[in-house]
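Chain A is the first sequence line, chain B the second, and so forth, proteins listed ahead of strands; every chain is numbered from 1.
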Protein chains: 2
Amino acid sequence: MSENSYTISQLASEFSITTRTIRFYEEKGLLQPQRKGQQRLYSGADRVRLTLILRGKRIGMSLQESQDIIAMYDPEHGNREQLQQLLGQVEHRKLQLQEQLQDLQHMLAEMDDIQDRCQQALTRALEEEPQL
Amino acid sequence: MSENSYTISQLASEFSITTRTIRFYEEKGLLQPQRKGQQRLYSGADRVRLTLILRGKRIGMSLQESQDIIAMYDPEHGNREQLQQLLGQVEHRKLQLQEQLQDLQHMLAEMDDIQDRCQQALTRALEEEPQL
DNA sequence: GTTAACGTTTACGTTAACGTCAATCTAAAT
DNA sequence: ATTTAGATTGACGTTAACGTAAACGTTAAC
C-alpha cells in the first residue's frame with residue numbers, strides 16, 4: 001500500500017503545471033525530492049508541499065513567502081526562543097491573511113453590486129425592447 | 001467644497017507608493033488623469049480607481065485583471081448583448097474570488113493549527129525548564 | 001534672479017517566475 | 001540493436017511591474 005511516490009511528470013500532469021516549474025521550485029529550495037539514480041522521486045510529503053506552494057500562488061503569494069510558510073510546518077523548533085519567534089511569525093501571517101480576506105470580501109461585495117445593477121439594467125432593456 | 005483633486009505626489013504619499021508607480025499605471029491604461037498644463041491632476045474617481053488597483057494587488061491580481069474589473073464598473077454597457085456578456089464576466093470573477101476565499105480560509109485554518117501546536121510545545125518546554 | 005521643490009519625459013536596469021530550446025542520458029519495447 | 005518515451009542539465013529568452021537615473025520645465029520663495 002506504499003504507493004506514495006511520484007515521478008516529475010505525474011505531479012506535473014496532476015497539478016497542470018510543467019516539469020520545468022517543478023524543477024524551478026527545487027532550484028529555489030522549495031522542494032528536495034529524493035533521487036533514484038539520476039531521476040527525481042517525489043514523496044507524499046513533497047506532493048503536499050507542492051499543493052501548499054500552488055495554493056499560495058493562487059492567493060497571490062510569492063515563492064519566497066510560500067517557502068517561509070512551509071518552514072513553519074516543520075517541527076524543528078526545539079528551544080523556547082525559537083518557538084516564540086515562530087509564534088510571532090505565525091501571528092503576523094495570520095493578520096496579513098485576515099487583511100487579505102477583508103479585501104477579498106470587499107471585492108466580492110462590489111461584484112454583487114455590479115451584478116445587481118447589471119441585472120436591473122438588463123430587465124429594463126428587455127421591457128423597452130420593441131422587436132419581440 | 002470641491003477639493004477632490006490631487007497631485008501625483010499627494011496620492012503617492014497617501015497610498016505609500018511612488019509617483020513612478022502611478023505614472024506606470026497610466027502607461028498601462030489604468031488611469032487617465034486630467035492635465036493642468038503639463039501636470040497631472042487626479043480626481044476623486046481617479047483616486048477610487050487607484051484604491052481598486054491596490055486592493056487588487058493585495059489579493060494577488062495582475063494589473064490586467066484590475067483593469068478588467070475596473071472596466072466592469074463603468075456603466076457604458078448599453079445594449080442587451082453587452083449587458084449579458086458583462087454578467088458572464090462578473091459571474092466568472094465571483095467564482096474565482098470565491099475559490100480564492102476558500103484557499104485563504106484553508107491557509108488560515110492551518111496557521112491556527114500551527115499556532116496551537118506551537119503553543120503546546122512552548123508550554124511543555126516551559127514546564128520542563130529547570131533554570132527558573 | 002537664482003535656488004529649491006515639485007513636476008515631466010525618456011530610457012535603460014532589475015527581479016520573479018517561469019518558457020523554450022539543445023544536448024545528453026537511459027530504460028523499456030520492438 | 002535500435003527506435004522511442006521520459007528524464008536530466010545547462011543556458012538563454014520573456015513578461016510583468018516597477019526602480020533608477022538623467023535631462024529638462026515651472027513656479028514660489030528668498
Side-chain angles (χ1 to χ4, degrees), chain A residues 3-43 46-47 49-71 96 100 103 107, chain B residues 3 5-43 46-47 49-71 93 96 100 103 107:
Chain A
E3 179 57 34
N4 62 339
S5 80
Y6 316 85
T7 75
I8 194 167
S9 52
Q10 279 172 1
L11 287 184
S13 86
E14 177 179 354
F15 293 104
S16 300
I17 58 183
T18 68
T19 61
R20 171 67 174 109
T21 296
I22 297 181
R23 289 194 199 97
F24 180 72
Y25 293 162
E26 182 177 348
E27 260 184 66
K28 291 291 159 178
L30 294 160
L31 295 172
Q32 294 130 51
Q34 287 182 255
R35 297 279 180 144
K36 178 193 167 192
Q38 182 175 231
Q39 280 187 222
R40 282 162 244 258
L41 248 192
Y42 296 86
S43 67
D46 289 324
R47 211 188 79 111
R49 276 163 176 261
L50 192 47
T51 69
L52 289 178
I53 298 169
L54 297 177
R55 176 186 294 159
K57 283 206 62 181
R58 288 196 300 273
I59 63 177
M61 287 185 171
S62 69
L63 294 183
Q64 181 59 58
E65 287 176 308
S66 286
Q67 190 166 11
D68 295 348
I69 287 185
I70 288 174
Q96 192 190 314
Q100 222 178 321
D103 283 326
M107 195 75 92
Chain B
E3 179 57 33
S5 82
Y6 315 85
T7 76
I8 194 168
S9 51
Q10 279 172 1
L11 287 184
S13 85
E14 177 179 354
F15 292 105
S16 301
I17 58 183
T18 68
T19 60
R20 171 67 173 108
T21 297
I22 298 181
R23 290 194 198 98
F24 179 73
Y25 293 163
E26 182 177 349
E27 259 184 66
K28 292 292 160 177
L30 294 161
L31 295 172
Q32 295 130 50
Q34 287 183 257
R35 296 280 179 145
K36 178 192 167 193
Q38 183 177 228
Q39 283 188 219
R40 282 162 244 257
L41 249 192
Y42 296 86
S43 67
D46 289 325
R47 212 189 78 111
R49 275 162 178 260
L50 192 47
T51 70
L52 290 178
I53 297 168
L54 297 176
R55 176 188 293 159
K57 283 207 63 184
R58 286 196 299 273
I59 62 176
M61 287 185 173
S62 69
L63 293 182
Q64 181 59 58
E65 288 176 308
S66 286
Q67 190 166 14
D68 295 349
I69 288 185
I70 288 175
R93 274 289 160 209
Q96 192 190 313
Q100 224 180 318
D103 283 326
M107 196 75 90

Taking atom [atom2] of [N] as reference, at what distance in whole Å does atom [atom1] of [X] sit?
X        : N       : atom1 : atom2 : answer
Gln38(B) : dT27(D) : CD    : C1'   : 13 Å
Glu27(B) : dC12(C) : CD    : C1'   : 13 Å
Lys36(A) : dT26(C) : NZ    : P     : 13 Å
Arg35(A) : dA7(D)  : CZ    : P     : 13 Å
Leu54(A) : dA17(C) : CG    : C1'   : 13 Å
Glu26(B) : dT8(C)  : CD    : C1'   : 11 Å
Tyr42(B) : dG7(C)  : OH    : C1'   : 11 Å
Leu63(A) : dA17(C) : CG    : P     : 4 Å

Ionic contact status for Arg20(A) with Glu27(A), cut-off 4.0 Å: yes
Are OP1 or OP2 of [N] and a side-chain N or O of [X] less than 4.0 angstrom apart?
X        : N       : value
Lys57(A) : dC18(C) : yes
Thr18(B) : dC18(D) : no
Tyr25(A) : dC18(C) : yes

Could you work out which one of [options] sits closest to the side chain of [X]?
X        : options                  : result
Arg20(A) : dG7(C), dA7(D), dT20(C)  : dT20(C)
Ser9(A)  : dT26(C), dT8(C), dG6(D)  : dG6(D)
Arg23(B) : dA7(D), dC18(C), dG7(C)  : dG7(C)
Thr7(B)  : dG7(C), dG19(D), dC18(C) : dG7(C)
Thr21(B) : dC18(C), dT8(C), dC18(D) : dC18(D)

Atom CD of Gln34(A): over 12 foreign heavy atoms under 6.0 Å: no
Upstream residue (5' side of DNA chain C) when Gln39(A) and Phe24(A) are each assigned their closest nucleotide: Phe24(A)
Closest-nucleotide 5' rank along DNA chain D - winner of Thr19(A) and Met61(B): Thr19(A)
Under 3.5 Å on both distances, the Watson-Crick or G-U partner of dT14(D): dA17(C)
Test item: Glu65(B) and Arg93(B) side chains (from C-beta on) under 4.5 Å apart, heavy atoms: yes
Minimum side-chain heavy-atom gap Asp46(B)-Tyr25(B) below 4.5 Å: no
Whether Gln39(A) side chain and Lys36(A) backbone form a donor-acceptor pair below 3.5 Å: no
